[in-house]
Protein chains: 2
Amino acid sequence: MAGVAGRVERRSGISLWRQIADQIRQAIGSGEFDEKLPPEMTLAERFGVNRHTVRGAISALVQEGVLRAEQGRGTFIERKQRLAYPIGARTRFSEGLQGQAKDRRGILLAHAIEPADQRTIVALGLTEGDKVVRLETLSEADGRPISRATSFFPGERFPGIEKLYAQSGSVTTALKSFDVVDYFRRSTLISARHASDADLADLRLSPGAIVIATVYTNVDPDERPIQFSETRFAADLVELSVS
Amino acid sequence: MAGVAGRVERRSGISLWRQIADQIRQAIGSGEFDEKLPPEMTLAERFGVNRHTVRGAISALVQEGVLRAEQGRGTFIERKQRLAYPIGARTRFSEGLQGQAKDRRGILLAHAIEPADQRTIVALGLTEGDKVVRLETLSEADGRPISRATSFFPGERFPGIEKLYAQSGSVTTALKSFDVVDYFRRSTLISARHASDADLADLRLSPGAIVIATVYTNVDPDERPIQFSETRFAADLVELSVS
DNA sequence: TATGATTGTCTATATCAATAGACAAATATG
DNA sequence: CATATTTGTCTATTGATATAGACAATCATA
């Protein structure tokens with residue numbers, strides 16, 4: 001926004017309140033406001049819409065936990081900044097957010113042993129019919145869900161890895177039980193899209209929210225693939241850092 | 001989609017036709033359909049909406065150049081895949097998409113000489129009051145805009161860089177005239193958000209589209225910062241590849 | 001304690017999005 | 001050529017978004 005009145009587009013398929021919510025969220029992220037939002041009437045004039053439309057946007061952001069409204073006082077900013085999540089050859093989830101969040105944990109949502117699909121066969125260097133362990137996991141920082149991952153491990157080499165993950169909440173720790181003391185990230189593909197229904201629910205986002213998806217393969221020191229995975233980050237909360 | 005009926009959410013602030021358009025676009029990107037979309041009636045049943053709602057989604061994608069509808073025959077896929085854009089220590093825009101696109105060019109949209117803002121001062125190691133050259137550029141592959149960048153160069157060291165860029169369409173080439181024969185990317189921050197109005201227009205996207213933003217600093221072999229930049233990629237067209 | 005500023009709630013109306021059905025126009029196929 | 005399939009266009013109706021105005025409730029402050 002920054003003086004420049006945030007513009008909104010009509011009959012674009014995105015309701016005005018949602019466009020305004022997105023712009024306010026972004027403005028907060030780039031440090032536009034100190035601790036308090038301007039009054040609803042001021043925002044309404046700035047966007048050229050009715051006060052009630054702005055209220056719609058604000059109530060969505062209150063739902064999201066970004067804002068807190070207090071009658072008579074104003075609307076206050078609850079959460080300002082995004083977390084920076086590092087990506088590189090030695091990316092480990094559990095070490096990623098050190099210093100930025102006090103409490104970090106991984107939660108096992110579901111697991112299955114199943115035949116690998118074509119993409120996983122290629123990524124993990126398996127052969128048709130080989131089984132993989134699939135883990136559906138959620139990662140939280142300070143009690144707030146940050147990311148949602150689907151991971152595949154070669155079933156023959158890592159039987160029962162789901163139990164080890166469930167106990168420790170960490171892939172790195174679980175792999176140690178299989179004598180994998182070190183591993184590397186071979187490559188990462190990054191894309192962005194609207195969150196799926198399931199991800200919306202798990203990450204506690206509102207419809208229309210964006211996720212950053214990373215697809216990657218981890219290999220052991222002998223270059224043998226050990227994990228093929230897609231992680232979806234809530235784009236409002238996280239940015240990736242490549243160095 | 002893939003058998004799983006693509007689900008849509010009502011009264012979410014995103015119209016159904018837009019949600020469906022996003023899902024179809026994504027399905028195409030992941031190779032769901034060969035060359036032709038299923039008939040409108042089939043899609044309508046799959047999404048649980050009226051045929052006219054599907055038609056709204058299709059007409060948006062026709063507008064975008066993703067689909068082409070032919071009366072009596074069906075709806076055909078015009079453009080299928082996303083481009084993979086590599087990111088790393090030696091990222092150069094002009095070399096990024098080699099082999100994936102025949103024709104690549106950078107276009108100078110605007111330029112200015114102005115005092116550096118706080119963020120740029122820090123990134124480029126300047127002091128308060130120093131001037132920078134700002135370049136607003138657009139990058140096209142095979143005639144289709146794929147990214148939009150805002151770049152800052154130290155004004156004292158690179159006077160007139162805008163002319164050199166305008167001529168060559170390449171930062172790497174422009175820098176050579178200043179005896180910068182090699183440079184490195186210090187770090188990259190990646191985030192995703194809804195495209196701004198201006199980016200929507202420049203990248204020829206429809207409202208609600210997502211951009212992947214990369215913020216980075218390039219340094220010369222002596223570790224002196226030479227460029228601070230934000231590039232916005234159309235998330236429908238591009239994915240980033242970190243290796 | 002009176003006043004102004006601000007958020008919260010209600011009612012009414014207008015505009016846009018989505019559904020429903022019917023039929024025309026173009027194409028593919030037996 | 002006759003028929004089925006598929007996209008294109010029209011009308012009517014319902015439901016969700018957005019606007020408008022009025023006033024209540026809460027808080028800060030002079």
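The chains referred to below are lettered A, B, ... by the order of the sequence lines, with proteins before strands, and numbering in each begins at 1.
Rounded to an integer number of Å, the gap from CG of B:L43 to P of D:dT6 is 11 Å. A:M41 has its CE atom 11 Å from the P atom of C:dT7, to the nearest Å. Atom pair B:K36:NZ and D:dT5:P shows a separation of 12 Å (rounding to whole Å applied). Note: CZ (A:F76) to P (C:dA5) measures 17 Å, nearest angstrom. We find that CG of B:L37 is positioned 12 Å from C1' of D:dT7, with the value rounded to whole Å. When rounded to the nearest whole Å, the span between CG of B:L67 and C1' of D:dG8 equals 16 Å. One can place CZ of A:R18 at 16 Å from P of C:dA17, the figure rounded to the nearest angstrom. Taking atom CD1 of A:I58 as the reference point, atom P of D:dA18 lies 15 Å away to the nearest angstrom.
For B:R51, the salt bridge (charged side-chain N to carboxylate O under 4.0 Å, His left out) partners at least two apart in sequence or on another chain are B:E40. For A:T188, the side-chain hydrogen bond (donor to acceptor under 3.5 Å, both in side chains) partners two or more places apart in sequence, or in a different chain, are A:R185. Annotation: side-chain contact (heavy atoms from CB on, under 4.5 Å) contacts of B:V215 (sequence neighbours excluded): B:L189, B:F228, B:E230. The side-chain hydrogen bond (donor to acceptor under 3.5 Å, both in side chains) test applied to A:R73 returns A:E70, not counting sequence neighbours. Partners of B:R119 according to the salt bridge (charged side-chain N to carboxylate O under 4.0 Å, His left out) rule, which considers only residues two or more places apart in sequence or in another chain, do not exist here. In terms of the side-chain contact (heavy atoms from CB on, under 4.5 Å) criterion, residue partners of B:S15 (sequence neighbours excluded) are, by chain and number, B:W17, B:R18. When the side-chain hydrogen bond (donor to acceptor under 3.5 Å, both in side chains) test is applied to A:D117, the partners found at least two apart in sequence or on another chain are A:T120. Under the rule for a side-chain hydrogen bond (donor to acceptor under 3.5 Å, both in side chains), B:S241 has no partner lying at least two apart in sequence or in another chain.
With contacts defined as side-chain heavy-atom distances shorter than 4.5 Å, the pair A:V132/A:I113 does not qualify.
Paired runs in DNA chain C that reach 3 or more consecutive Watson-Crick or G-U pairs, where each pair keeps both distances under 3.5 Å, cover C:1-30 with D:1-30.
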With 3.5 Å as the limit, what N/O pairs link the protein to nucleotides 13-17 of chain D?
none

Scan nucleotides 20-30 of chain D nucleotide by nucleotide, 5' to 3', and note B when protein non-hydrogen atoms come under 4.0 Å of the base, S if they reach only the sugar-phosphate, - if neither. BB---BBBS--
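Closest to the A:T53 side chain, of the nucleotides D:dT7, C:dT6, D:dT19, is D:dT19.
Residue B:I58 forms a side-chain contact (heavy atoms from CB on, under 4.5 Å) with just one option from B:T53, B:L37, B:V66, and that option is B:L37.
The salt bridge (charged side-chain N to carboxylate O under 4.0 Å, His left out) analysis of residues 127-137 of chain A, with sequence neighbours excluded, yields the pairs A:E114-A:R134, A:R134-A:E136, A:E136-A:R148.
Of the residues near DNA chain C, B:V54 and A:P39, the one whose nearest nucleotide (by heavy atom distance) lies more toward the 5' end is A:P39.
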